[in-house]
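What follows is a set of notes on a single structure, which appears directly below.
Computed over heavy atoms, backbone and side chain alike; hydrogens, waters and symmetry mates excluded.
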Amino acid sequence: MSLTLPTPDQFPAFPYSPPYEIQVDLMRHLYTSIENRQVTIVESPTGTGKTLSLLCASMTWLRDEKDRARKGKLGSLDGDNATVEDWVMEQTRERMRREMEAEEQEYETKLANARKREKALRAKQNARVIKKPRISEHPQDPVTDDDDSFLPEEEDEEDNISPAVKALMAKLEGRSQQDSETPTCTKIYYASRTHSQLTQVLPELQRLKLRHESHTSALSHLTTKRKRGDEDATLDETCNRTVALGSRKHLCINDSLRSKATDIDEACRELLGEKSDHRCPHLPAAIDDHVMNDFRDEILATPKDIEDLATAGRLSNVCPYFASRRAIPQAELVTLPYNLLLQKSSREALGIDLTNQIVVVDEAHNLISTLLSLSTTRLPFRTLQTSLSQVAIYVTKFRKKLSAQNLLHLKKLATFLDALKKYLVEWQSEATKHPHRTEVLNAAEFLERIGRRAVGLNMLAIEKYLKTSKIARKIAGYADKQAEKESNQGQQSRPFRHRKGAIPPLHAVEDLLISLAGATEDGRITLSVEGSTGQEEVVVKYQLLNPAPHFREIVDEARSVILAGGTMSPMSDVVRQLFSHLPSERINTFSCGHIIPSSSLLTVAVTKGPRGNDLDYKASRQTDNGAIDELGQIILNFTHQIPAGMVVFFPSYNFLNKTKEVWSTSKMLDKFGAKKRIFFEPDDNAQVEPVLRDYSHAARSSPPDSKVKGAMLFAVIGAKLSEGLNFSDDLARAVIIVGLPFANLGSSELQERMRYVKRLEEKAGTSRPVGMKDAGAELYENMCMNAVNQSIGRAIRHKGDWAALLLLDRRYSTPSISKKLPGWIGGELKVAQTFGQVVKELGTFYRDKK
């Protein structure tokens with residue numbers, strides 16, 4: 001019997017019939033990639049049903065894989081019992097089949113009971129107000145004044161832990177004795193950048209028409225359901241066991257803690273260490289572990305996004321953060337934000353094992369920048385100074401109570417902090433003589449600069465001590481207690497005060513130590529002076545130049561990894577930066593066109609202005625009043641032709657603000673306002689929603705007798721409005737890109753990264769054709785075009801949508817830039833040699849759309 005899964009020609013689970021051809025092609029590609037254990041990069045424009053196709057293909061494979069595993073288990077009997085008579089074998093297979101179906105039915109019954117409990121709780125909530133459990137006003141405050149609670153936790157003392165504490169640890173980590181033998185299953189880890197993006201996954205999942213693994217199994221489930229009284233159950237009905245993972249910030253239901261803590265994660269950890277009568281009231285006691293397990297079953301019984309999970313937690317009065325972790329082993333689909341997937345420490349804390357699992361990274365155009373940011377640590381001088389003060393005061397206070405080993409570790413830590421402080425003071429003194437001074441070092445050079453005392457220290461040993469002893473939290477807690485005591489006595493608080501629930505300063509030191517301890521030739525230390533005049537301080541920053549190492553563990557463990565996005569071009573750059581260690585046969589790519597007809601999209605590179613001048617908005621031209629005046633005239637001409645809403649993206653806030661200033665003086669903004677209502681991207685995140693709401697209303701509805709038709713929104717590439725927002729239909733009948741958003745070449749971090757990728761290419765012995773950009777320049781250009789492509793993707797959002805894309809800069813006509821535009825634009829880019837040609841193209845396009 002062949003156990004290879006053939007790629008299906010059709011996907012019955014897809015909810016819309018018939019699917020678009022590009023959707024079938026995409027699903028077939030994904031199914032094949034998963035079966036062949038490949039890494040694939042997928043580019044599917046927004047509006048083509050990307051999320052639905054990703055889920056349909058992967059969940060279909062998962063169902064087929066379960067059926068294959070069942071057949072393989074039954075088929076193994078033939079090989080193991082070749083000499084047994086046929087009737088005996090048939091009875092054995094039938095018994096095993098019944099046992100497997102009985103297990104499935106038992107688990108289905110368990111989830112059905114969980115659905116009933118949840119339904120009853122919701123009915124009770126709707127019928128009357130449920131009283132909230134009484135929560136202590138200060139649940140996180142210790143009840144005693146005993147300073148011994150601030151002593152370090154000793155290493156290797158698990159044998160001395162009381163049974164009650166061991167049970168608590170097992171409960172929180174999902175290892176309760178009751179469920180120690182609960183089977184796990186192959187699953188899909190679906191990651192995206194934000195929780196709001198992940199909330200879009202659940203409705204798409206619920207649209208799928210997924211059947212049970214086999215018809216026989218389905219009939220058994222149907223019989224069981226009808227015995228429970230569910231006479232309306234059908235064969236198509238199934239339970240997709242899904243769990244949404246999130247941070248404490250999104251899932252904590254302890255209102256008292258949320259109202260006081262500056263950092264929910266840290267405050268929660270502090271609360272876990274409290275005595276039983278002061279622990280979080282939403283965590284069941286160890287002896288009531290079944291309560292946590294019951295809520296886990298409720299999570300799996302009906303798919304829930306983060307908000308649903310928090311609501312269900314409040315109904316059951318059980319912490320959804322820890323319960324969701326408990327649900328991972330039995331889940332078929334796990335949704336989670338990037339950081340929980342990409343950080344090894346987060347995966348370990350959650351108990352995530354990616355071995356032989358499927359990993360889908362949606363919105364993957366952000367993946368490389370996210371990986372680099374997660375490996376970046378930052379230690380400001382004031383944080384270092386606070387840490388040193390806290391350690392010194394702590395050692396003085398507890399010297400007689402600390403063990404010799406603890407005292408030795410703390411002295412080594414203080415030595416490192418003191419040496420680092422002295423060096424940074426000297427460095428800043430020199431830096432004041434050279435404004436904007438920045439220096440980049442590797443880890444070895446940095447440690448040598450600190451001094452001989454620091455070079456001899458074992459960074460790994462110090463880092464391990466900080467982690468096992470939880471000394472950062474202990475020291476910060478003691479500092480906070482002392483500061484509160486001084487405040488109550490009317491004394492001025494000393495500078496080492498740590499606010500309750502805030503991240504302990506020593507954690508920033510710990511992050512830097514981890515980076516230094518594991519630093520390779522790919523890591524760099526940057527020293528710079530930051531802050532406004534009179535508030536300057538030197539900042540130590542560690543950055544990893546190579547995004548691949550952190551992602552390599554995921555790629556090596558998982559069965560298949562899928563990177564998907566609306567705009568993944570240039571894909572070769574993603575392969576080069578993340579998958580250079582993989583053999584070529586394990587990597588493939590897929591890029592599909594848009595579902596809209598070519599007549600619904602007009603893409604024009606505008607190379608010249610009305611006066612015949614070349615349009616080139618490089619940095620030196622962004623402060624030229626003449627160029628800005630001409631840009632205003634160009635956009636004003638466009639307002640005569642573009643109906644409803646138009647979005648204009650600038651390469652930077654500085655350019656947008658300068659332009660706004662010049663146009664205000666020249667009254668160009670008044671001319672715009674006579675044609676369309678004007679909106680600007682707000683500086684404050686809190687104002688984004690109101691601005692978008694007002695813009696949407698203005699773009700879609702204009703009084704018949706008014707000369708003002710539609711609206712115009714000015715935004716910045718790579719900022720708040722350039723990603724994840726939907727400017728469909730009348731919200732964007734045109735997207736205008738002004739210039740190219742090249743990063744600041746003066747950045748020492750960027751320069752170091754460009755040099756790094758260039759050295760990698762030289763080391764690999766790769767030669768480039770004469771005249772072609774080197775790897776560093778290619779990286780610089782790719783970073784720019786990734787940002788442009790995201791802004792372009794705001795326009796076309798569904799099959800019936802239509803819009804014009806106007807690229808204002810002659811550089812868009814060059815092959816090196818135009819070939820990096822989204823694949824779905826393809827060969828549709830028109831290069832206008834005169835401004836009159838642009839006006840003519842626009843006029844024809846919008847007349848046809850009327």
May I have the step-by-step check of side-chain contact (heavy atoms from CB on, under 4.5 Å) for D801 and D729, ending in yes or no?
CA-CA 6 Å; D801 208 352; D729 301 319; 3.5 Å; yes
Tell me, with the steps shown, if L692 and K720 meet side-chain contact (heavy atoms from CB on, under 4.5 Å).
CA-CA 11 Å; L692 285 177; K720 307 174 190 71; over 6 Å; no
For a side-chain contact (heavy atoms from CB on, under 4.5 Å) check, start with the C-alpha distance between D308 and L202, then their side-chain angles and the critical distance, and finish with the verdict.
CA-CA 11 Å; D308 296 333; L202 188 56; 4.1 Å; yes
List the steps and the verdict of side-chain contact (heavy atoms from CB on, under 4.5 Å) for R115 and L111.
CA-CA 6 Å; R115 281 190 285 272; L111 295 185; 4.2 Å; yes
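Side-chain polar atoms of E307 and T199 form no donor-acceptor pair below 3.5 angstrom. Judged purely by distance below 3.5 Å, without hydrogens or angles, the side chains of T32 and T7 pair a donor atom with an acceptor atom.
Side chain of S560 to backbone of Q38: a donor-acceptor contact under 3.5 angstrom is found. Judged by distance alone, the side chain of E332 and the main-chain N or O of N240 form no donor-acceptor pair under 3.5 Å. Looking at E35, its side chain does come within 3.5 Å of a backbone N or O of L5 through a donor-acceptor pair. A donor-acceptor contact shorter than 3.5 Å is absent between the side chain of K66 and the backbone of C185.
Contact between K209 and P15 at its shortest, heavy atoms only, is CE-CA, 4.0 Å. Nearest heavy-atom pair, S316 versus F295, reported as atom, atom and distance to 0.1 Å: OG-CD1, 3.6 Å. Across every non-hydrogen atom of D297 and R117, the tightest pair is CB-NH2, 4.2 Å. The two residues R68 and T4 make their nearest non-hydrogen contact at NH1-CA, 4.0 Å. Closest approach of L251 to S324, counting heavy atoms only: CD1-OG, 4.1 Å. Among all heavy-atom pairs drawn from L721 and F727, the shortest one is O-CE1, 3.7 Å.
Atom CG of N36 and atom CG of N588 lie 8.5 Å apart (nearest 0.5 Å). Rounded to the nearest 0.5 Å, atoms SG (C592) and OH (Y20) are 12.0 Å apart. From Q790, atom CD reaches atom NE2 of H365 across 3.0 Å, with rounding to the nearest 0.5 Å. Residue Q10 holds its CD atom at 8.5 Å from CE of M27, rounded to the nearest 0.5 Å. For the atom pair CD1 of I358 and OG1 of T186, the computed distance is 7.5 Å after rounding to the nearest 0.5 Å. Taken from CZ in R326 to CD1 in I328, the straight-line distance is 11.0 Å, to the nearest 0.5 Å.
Applying the salt bridge (charged side-chain N to carboxylate O under 4.0 Å, His left out) rule to pairs touching residues 8-18 yields D9-R28, sequence neighbours excluded.
Residues forming a side-chain contact (heavy atoms from CB on, under 4.5 Å) with T194 (at least two apart in sequence, or on another chain): S196, Q197. Under the side-chain contact (heavy atoms from CB on, under 4.5 Å) criterion, P8 pairs with F11, Y31, sequence neighbours left out. Scored by the side-chain contact (heavy atoms from CB on, under 4.5 Å) test, H250 finds H195, S247, I306 as partners (sequence neighbours excluded).
R296 places none of its side-chain heavy atoms less than 4.5 Å from the side chain of F322. Taking the side chain as every heavy atom from C-beta outward, I299 and Q330 never approach each other to under 4.5 Å. For the pair E298/L315, no side-chain contact is recorded, criterion being any heavy-atom separation below 4.5 Å from C-beta on. In this structure the side chain of L198 reaches within 4.5 angstrom of the side chain of P337, judged on heavy atoms. Looking at heavy atoms from C-beta onward, V318 lies out of side-chain contact with H282 at the 4.5 angstrom threshold. Within the 4.5 Å cutoff, the side chain of F551 has heavy atoms near those of the L563 side chain. Within the 4.5 Å cutoff, the side chain of L30 has no heavy atoms near those of the W61 side chain. Counting heavy atoms from C-beta outward, Y16 and Q23 have side chains that stay 4.5 Å or more apart.
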Result block: side-chain N/O donor-acceptor pairs under 3.5 angstrom for residues 341-353, not counting sequence neighbours:
{"unit_1": "Q343", "atom_1": "OE1", "unit_2": "S346", "atom_2": "OG", "d": "3.4"}
{"unit_1": "R347", "atom_1": "NH1", "unit_2": "L341", "atom_2": "O", "d": "2.8"}
{"unit_1": "R347", "atom_1": "NH1", "unit_2": "L342", "atom_2": "O", "d": "3.4"}
{"unit_1": "R347", "atom_1": "NH2", "unit_2": "E553", "atom_2": "OE1", "d": "3.2"}
{"unit_1": "D353", "atom_1": "OD1", "unit_2": "T355", "atom_2": "N", "d": "3.1"}
{"unit_1": "D353", "atom_1": "OD1", "unit_2": "T355", "atom_2": "OG1", "d": "2.8"}

Expected list for residues 49-56: side-chain donor-acceptor pairs under 3.5 angstrom, two or more places apart:
{"unit_1": "K50", "atom_1": "NZ", "unit_2": "D362", "atom_2": "OD1", "d": "2.6"}
{"unit_1": "K50", "atom_1": "NZ", "unit_2": "D362", "atom_2": "OD2", "d": "3.4"}
{"unit_1": "S53", "atom_1": "OG", "unit_2": "G49", "atom_2": "O", "d": "2.9"}

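Checking each of V359, I34, V361 against I562 for a side chain to side chain contact (heavy atoms under 4.5 Å, CB included) leaves exactly one that passes, namely I34.
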